[in-house]
Amino acid sequence: MLEARLPAASILKKIVESIKDLVSQANFDCSESGISFQAMDESNIALSSFLLRADGFDPYRCDRKLSLGIRFATLSKILKCAGNDDVVVIRYADDTDILSLVFEAPDNNRISEFDIKLLDISSEYLSIPEQEPECKVKMSSAEFSRICRDLITIGSSVVIDATKSGVKFSSTGDDGSGSILIKQSASVDGDGKAAPQTTVEMSEPVSLELSLKYLNNFTKAAPLSEYVVMNMTNDSPLMLQFDVSDIGYIRYFLAPQIKD
Amino acid sequence: QKTQQSLLSFFKSP
């Protein structure tokens, strides 16, 4: 059985919104350590995954490994019935095909319960090689979203060039070209509060060409986190990570494009 | 011309 109580529905809402256009259905894998998910899009170009650690829930109970097949369109519709501040209780009783979601309003005067029919999905887990990236960029997720949104008006792909001084995003299309350079920074705003900063750690300069359609899809996770981390290695897939407060993360992997 | 690679050429099924 599974019983997991999440303090704010907004977290689950944002996660589902940031995956549902990439993957239509997939298993949520539940174990003692938490709830995780991994699935590729239909064209095998992008992989989405997330982890929500057990300690992000209070309480969290899962006494054996479970794979719960979820259709994201259904889950998204049902989560729209939850208020952002509602507590969500996720429940699954063994040997059933139903997942229950209970939304408790903060004043406790409204409790709604929805049941979702689970699907039987055979999932194929890919093993992702654990390797230290040649370059790791951390930047404002809002800035990253803006760059992807701006450059898709120029072309369908972006070349990301990361060097010690910063990261350059360039795009070329039939009608012209554009580029945006984000310098490495550690700024402090007027209130003395640390503003979102860009950091670049690298062993090698990296250049990757990537589809802007997919990157724009990934930026749907930006509301989850102030920062995005890009792990890049030449001729290897990009890994983007958005932290989900301090309880987990959502990651996307995107295969690069190559010149013929 | 650019070719979009598949993730399957990088990540293997166990």
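What you see below is based on every heavy atom in this structure, not just the backbone, and it leaves out hydrogens, waters and symmetry mates. Throughout, protein chains are lettered first and strands after them, A, B, ... in sequence-line order, and every chain is numbered starting at 1.
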(request) Using salt bridge (charged side-chain N to carboxylate O under 4.0 Å, His left out) as the criterion, list what pairs up with A/D150, not counting sequence neighbours. (result) A/R146

(message) Around atom CG of A/D260, are there more than 12 heavy atoms from other residues, nucleotides or ligands closer than 6.0 Å?
(response) yes

(request) Take atom CG of A/N234 as the centre, draw a 6.0 Å sphere, and report whether it contains more than 12 heavy atoms from other residues, nucleotides or ligands. (result) yes

(request) Without swapping roles, check the side chain of B/Q4 against the backbone of A/A255 for a donor-acceptor pair under 3.5 Å. (result) yes

(request) Would you give the length of the straight line joining atom OG1 of A/T233 to atom CZ of B/F10, rounded to the nearest 0.5 angstrom? (result) 10.5 Å

(message) A quick test of your reading: do over 12 heavy atoms of other residues, nucleotides or ligands sit less than 6.0 Å from CG of A/D120?
(response) no

(request) Flag the one option from A/I258, A/I45, A/N44 with the top tally of heavy-atom pairs under 4.5 Å to chain B. (result) A/I258

(request) Output the distance between atom CG (A/D41) and atom CG (B/L7), rounded to the nearest 0.5 Å. (result) 8.0 Å

